[in-house]
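Scroll down for the structure; my scribbles are underneath it.
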Amino acid sequence: MHTNTNWLIRNAAAILTGLCGDQARHAGPDIRIVDGRIAALGPLTPEPGEQLIDARDCVVYPAWVNTHHHLFQSLLKGEPQGLNQTLTPWLAATPYRFRGAFDEDSFRLAARVGLVELVRSGCGTVADHHYLYYPDMPFDGAAILFEEAEALGVRFVLCRGGATQTRQLEAELPQALRPERFDAYLADVERLVANYHDPAGDAWRRVVMAPTTALHSTSPEELRESADVARRLGIRLHSHLSETVDYLDAARARFGMTPVQFCAEQGWVGSDVWFAHLVKLLPEEIRLLGETGTGIASCPQSNGRLGSGIADLPALEAAGVTVSLGVDGAASNEAADMQSEAHAAWLLQRARKGERAQPRYDGGAFEGGADAARIEDVLRWGTAGGARVLGLDAVGTLQVGQAADLAIYRLDDPRYFGLHDPAIGPIASGGRAYLQALLVGGRRVVEDDRIPGLDMAELGRRSREAVARLIQRAEAAA
Ligand SMILES: [Zn+2]
């Protein structure tokens with residue numbers, strides 16, 4: 001994936017860097033890229049051999065880093081049986097009901113649809129929580145995911161999911177959906193690490209230990225051992241946690257503690273751990289996550305779609321938690337792209353705070369929540385924060401020496417016309433901005449809003465056919 005093209009991005013209208021405070025914006029207006037790295041920012045003059053990208057009227061962001069997804073769900077959008085269900089019945093109605101319906105072709109197609117959708121929003125790094133595993137799997141999903149990501153030219157972090165413990169939901173499902181043996185799970189993680197894992201700060205491929213849910217998918221003993229093995233292998237840890245109130249009930253009933261406390265007991269907190277969701281947390285859990293530097297992949301659209309709630313990101317960040325954004329699987333997010341996700345995070349964090357506003361006669365101290373999240377905060381969560389939870393230190397910010405992963409948006413849709421500050425457009429105005437270019441590691445992945453070599457109409461046709469086949473298979477298996 002090496003490139004020798006050197007670029008000069010010229011005359012950007014605005015540059016957001018993914019950094020904090022005064023450094024959140026750079027005046028540019030030019031960015032030089034040499035050997036896949038950012039070599040200079042400022043007023044620059046072209047040098048021989050450089051290719052020019054005209055960024056007039058464009059806004060430049062770091063490429064987004066998506067820290068939680070289930071790509072196989074990209075063919076399960078808006079599935080009617082699960083559309084109006086909360087998390088637990090939705091799991092049964094949609095992702096679990098369709099698990100056995102996927103074959104190698106439909107799995108690959110789903111991964112491609114999800115990755116293409118992300119890339120077109122300006123995403124350059126994807127962490128997929130891939131949990132479609134059962135004993136004697138008929139295809140190697142991990143290999144397919146790595147292949148599809150490489151074909152598009154994005155960085156890919158495989159969070160190796162899976163369950164080694166049967167839940168009621170799974171016990172009722174057919175043989176093909178049974179949990180794995182723990183030794184087989186660990187052996188596969190070791191195989192994946194040997195075959196794919198690169199510890200470099202600008203790695204194209206990473207592997208993560210990621211049992212599907214810390215609370216339900218394994219025994220406490222297995223969870224502890226999985227943490228020990230991950231740290232011996234030098235890989236990170238990821239899982240779902242505290243997506244709904246059900247986690248609090250389950251942890252109290254089974255272990256007499258909070259979900260975060262339970263994870264801490266098994267070694268599942270720390271700066272090498274990040275959890276998806278963390279919507280329903282008690283104050284002491286926020287403290288513990290912060291003190292240990294644990295990370296969050298917040299998925300506001302999925303949490304909204306399933307009616308789970310809204311994670312308190314300002315409180316988590318103030319406590320010391322690294323905040324990042326994930327789109328989550330498209331079975332619970334019909335817009336699984338990073339621009340939509342960031343837009344939703346911006347609005348929902350403000351609405352969340354506003355929901356707590358009280359009249360002054362009742363002790364209220366503020367009118368609304370517009371200070372809960374600025375555009376620069378949301379961008380930082382979706383870029384630098386993501387890179388940090390994934391341990392990709394050379395990614396996520398626009399600074400000299402960093403990998404040249406950047407999205408150049410042209411705001412030529414009426415929704416952006418009239419903006420006083422174009423820098424905020426791609427997040428504040430919602431929708432999908434025209435992607436003048438997406439560079440990942442200095443390689444051009446999107447050019448003039450197109451992915452070279454991709455037949456979008458064909459992808460759409462194949463997706464419609466695949467959805468019909470998946471429905472047939474799920475119904476036949478019922
Ligand atoms: Zn998820």
Side-chain angles (χ1 to χ4, degrees), residues 65-79 82 85-99 102 107 110-111 114-115 117-118 123 125-133 141 145 156-163 167 169-170 208-218 236-247 250 259 263 268 273-281 294-311 323-338 340-341 344-345 382 386 389-390:
V65 178
N66 170 25
T67 58
H68 185 73
H69 206 343
H70 311 289
L71 282 164
F72 85 95
Q73 295 181 7
S74 301
L75 292 173
L76 299 176
K77 291 172 187 167
E79 190 283 306
Q85 304 280 5
T86 57
L87 177 65
T88 305
W90 165 82
L91 278 170
T94 305
Y96 283 91
R97 191 164 66 86
F98 280 92
R99 275 171 63 117
F102 279 89
F107 181 85
L115 287 166
E117 187 180 2
L118 284 166
C123 182
T125 300
V126 181
D128 193 61
H129 194 183
H130 170 47
Y131 63 73
L132 187 57
Y133 284 101
L145 291 167
F156 191 78
V157 177
L158 181 92
C159 304
R160 203 312 191 169
R167 259 207 287 182
L169 279 176
E170 286 157 325
V208 170
M209 184 79 76
T212 306
T213 87
L215 212 54
H216 297 294
S217 304
T218 68
R236 285 174 178 253
L237 298 95
H238 177 57
S239 192
H240 292 98
L241 196 72
S242 299
E243 184 167 355
T244 66
V245 288
D246 182 61
Y247 277 80
C263 288
W268 267 76
V273 183
W274 85 102
F275 291 111
H277 306 307
L278 298 176
V279 171
K280 293 291 181 182
L281 296 174
T294 306
I296 177 177
S298 184
C299 308
Q301 295 194 125
S302 173
N303 299 154
R305 149 72 140 91
L306 292 169
S308 303
I310 304 169
V323 175
S324 71
L325 299 179
V327 300
D328 204 6
S332 60
N333 179 5
E334 283 70 27
D337 73 81
M338 288 300 283
S340 295
E341 205 66 47
V389 302
L390 300 180

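Counting starts at 1 for both ligands and their atoms, following the listed order.
- Among the atoms of His240, an N, O or S atom falls under 2.8 Å of the Zn ion (ligand 1).
- Taking the Zn ion (ligand 1) as the apex, the angle formed with OD1 of Asp328 and NE2 of His68 is 90°, to the nearest 10 degrees.
- Proximity of the aromatic rings of His130 and Phe107 is defined here by a centroid distance below 6.0 angstrom, and this criterion is met.
- Checking Glu341 against Asn66 by side-chain atom types alone, no donor-acceptor pair falls below 3.5 Å.
- Of the N and O atoms on the side chains of His238 and His68, at least one donor lies less than 3.5 Å from an acceptor on the other residue.
- His70 lies close to the Zn ion (ligand 1), since one of its N, O or S atoms is found at a distance under 2.8 Å.
- Side-chain contact, His70 with Asp128: no donor N or O sits under 3.5 Å from an acceptor N or O.
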